[in-house]
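Read the structure below first, then the notes.
Numbers restart at 1 for each chain; the letters A, B, ... are given by sequence-line order, proteins then strands. For clarity, every value in this text was computed on a predicted model and none was experimentally measured.
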Protein chains: 2
Amino acid sequence: MGTRAQVEIKRIVERLADAISEHRLPPGARLTEAKLVEVLGANRNHVRAALQKLASEYKVVTIVPNRGACVAQPTIKEAKDVFAARGIIERSIVELAIANLTAKNRNRLLKQLEKEDGAIRRGERQEMIRESGNFHRVLAQVAGNEVLDELLAGLITRTSLIIALYQETPNVQCSIEEHQALVDAILAGDREQAQHLMDEHMATIQRYLLLDERPGEVDLRAALEEP
Amino acid sequence: MGTRAQVEIKRIVERLADAISEHRLPPGARLTEAKLVEVLGANRNHVRAALQKLASEYKVVTIVPNRGACVAQPTIKEAKDVFAARGIIERSIVELAIANLTAKNRNRLLKQLEKEDGAIRRGERQEMIRESGNFHRVLAQVAGNEVLDELLAGLITRTSLIIALYQETPNVQCSIEEHQALVDAILAGDREQAQHLMDEHMATIQRYLLLDERPGEVDLRAALEEP
DNA sequence: TAGGAATAAATTGCTAACAATTTTGGATTG
DNA sequence: CAATCCAAAATTGTTAGCAATTTATTCCTA
């Protein structure tokens, strides 16, 4: 595929993924091709390709044949699976990062913390969210396994959608303090402590989610049949 | 996208992935759209979409703009990353599988072993390879995390390509004995032993790979400059 | 007025033709 | 004879328009 098209598709994918992550496009929202063409100033083929990708790769869009695309509504089961998978990968990334600690890598971690801190100080909400997410990518890159980094990237996107869907108080993000403590443990080479902190960090995010209640797909028969 | 097209694209993807996994399409082989259309009796658009997917999702195809697609030639670094990532996921799947042991799941594992055994007894080479790969998918399904299962599926495909690329004696597969021992440990609920066996199992596969030598992209300058 | 069939509108799916790019092979020239 | 350039062939990239499907509306009937 031509570079131009690929770049364009990527642009649309990111634009949509961002909008979904930030809850500007709520779960369930219809994504009509013609509307997207108009709003994004894009070719319909590119829009379609982008939707395909968001559906098959990132799973944040659902496509029903002949009926079009809409923002996905992951089930509670899927949400839990995504978090569990992410936890597993994050945990091993921590271990690899410690094993792979060079001077350059130490610097990258510290710089990332600074960026997050700067965003908070300046009160730049949007930047805060972005940098907070970037922290996990930086950690993956420090770990040095590109495959894990890719897998994590996908899971982070899906996580964002899930948070948008299931979070009660909007926009509780990763806390900078937890990132700070995590980096401290990593730089100290304390694997156990670092992994423990990462587990806690993942748990903290999930704690604000309503992954228990919620109707979803009620079994009407079971709910309504005679007692 | 229409069901028909999706099914067709999936067919092409699987056909190509199989051919790549089984080394019928060697790494580096060119995949001309017109040829594929002719051989597969497919629409060019479907062929293109399939190639896109194989490139962006599974990474077993490389697409160069305006120059077409060819079977990927993962670097040694990438090969190692894929194996490391797969090892991590397989390891955690073992743990989840043990925690998720129902009668039904025990049965699935035993049945899978029977299938593999049957293929070996009948000397069905092709079936052996397939069932040997399926074992890991079944284990993932027993573990019950669909996201991990998906991630693993992708990594298994990539692993196959890597084996095709870097294996000296062709077609050394997973050994049934190792699968057997693994299932024994899982059914016994012995997490440590099961994880140890899985680690060993992954190591066994890698042991037959030439992941050290091989030129790849030699640094000509470093190699040829005056001593 | 409720139900349902027929029609119209909107939307997605598909294809074939055309455009752009790269490769190949040969002719030309120093 | 080697190198360079040019044209033809092969291959990929792009687009517009039509076909098929679904959804909404209208109108008819009991």
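B:Gln6 has its CD atom 9 Å from the P atom of C:dG13, to the nearest Å. As a whole-Å value, the separation of B:Leu51 CG from D:dT11 P is 14 Å. Computed from coordinates, the B:Gln52 CD to D:dT14 P distance equals 10 Å when rounded to whole Å. Whole-Å rounding puts the B:His46 NE2 to C:dT15 C1' distance at 9 Å. Rounded to whole Å, atom P of C:dT11 lies 12 Å from atom CG of A:Leu36. With rounding to whole Å, A:Glu38 atom CD is found 14 Å from C:dA10 atom P. Between the CZ atom of B:Arg44 and the P atom of D:dG13 there is a distance of 8 Å, rounded to whole Å. Nucleotide C:dT12 holds its P atom 10 Å from the NZ atom of A:Lys35, rounded to whole Å.
Checked by atom type and distance alone, the side chain of A:Asn134 never pairs as donor or acceptor with a backbone atom of A:Gln112 at under 3.5 Å. In terms of modelled atom types and a separation under 3.5 Å, the side chain of A:Asn145 and the main chain of B:Asp81 share a donor-acceptor contact.
Axis angle, first five pairs versus last five pairs of the helix from C:dT1-D:dA30 to C:dG30-D:dC1: 0°, rounded to 10°.
Residue pairs meeting the salt bridge (Lys or Arg N to Asp or Glu O under 4.0 Å) criterion with at least one member in residues 127-140 of chain B, sequence neighbours excluded: B:Arg122-B:Glu127, B:Arg137-B:Asp149.
Every residue two or more places apart in sequence or in another chain was checked for a side chain to side chain donor-acceptor pair (under 3.5 Å) with B:Asn107, and none qualifies. Not counting sequence neighbours, the partners of B:Glu33 by the salt bridge (Lys or Arg N to Asp or Glu O under 4.0 Å) test are B:Arg44, B:Arg48. Residues passing the side chain to side chain donor-acceptor pair (under 3.5 Å) test with A:Lys35, sequence neighbours excluded: none. Shown here are the salt bridge (Lys or Arg N to Asp or Glu O under 4.0 Å) partners of A:Lys59, two or more places apart in sequence or in another chain: B:Glu150. When the salt bridge (Lys or Arg N to Asp or Glu O under 4.0 Å) test is applied to B:Glu116, no partner is found at least two apart in sequence or on another chain. Residues passing the salt bridge (Lys or Arg N to Asp or Glu O under 4.0 Å) test with B:Asp18: none are found, sequence neighbours excluded.
Of the candidates C:dT15, D:dT15, C:dA17, C:dT15 carries the atom nearest the B:Asn43 side chain, counting heavy atoms from C-beta on. Residue A:Glu33 has its side chain nearest to C:dT12 when only C:dT12, D:dG13, C:dA16 are considered. For A:Arg48, whose side chain is taken as the heavy atoms from C-beta onward, the closest listed nucleotide among D:dG13, C:dA16, C:dG13 is C:dG13. Side-chain proximity of B:Thr32 to D:dT15, D:dT12, C:dG13: nearest is D:dT12.
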Please enumerate all protein N or O atoms sitting under 3.5 Å from an N or O of nucleotides 21-24 of chain C, with distances to 0.1 Å.
{"residue": "C:dT21", "atom": "O3'", "partner": "B:Asn66", "partner atom": "ND2", "Å": "3.4"}
{"residue": "C:dT23", "atom": "OP1", "partner": "B:Arg67", "partner atom": "NE", "Å": "2.3"}
{"residue": "C:dT23", "atom": "OP1", "partner": "B:Arg67", "partner atom": "NH1", "Å": "3.3"}
{"residue": "C:dT23", "atom": "OP1", "partner": "B:Arg67", "partner atom": "NH2", "Å": "3.1"}

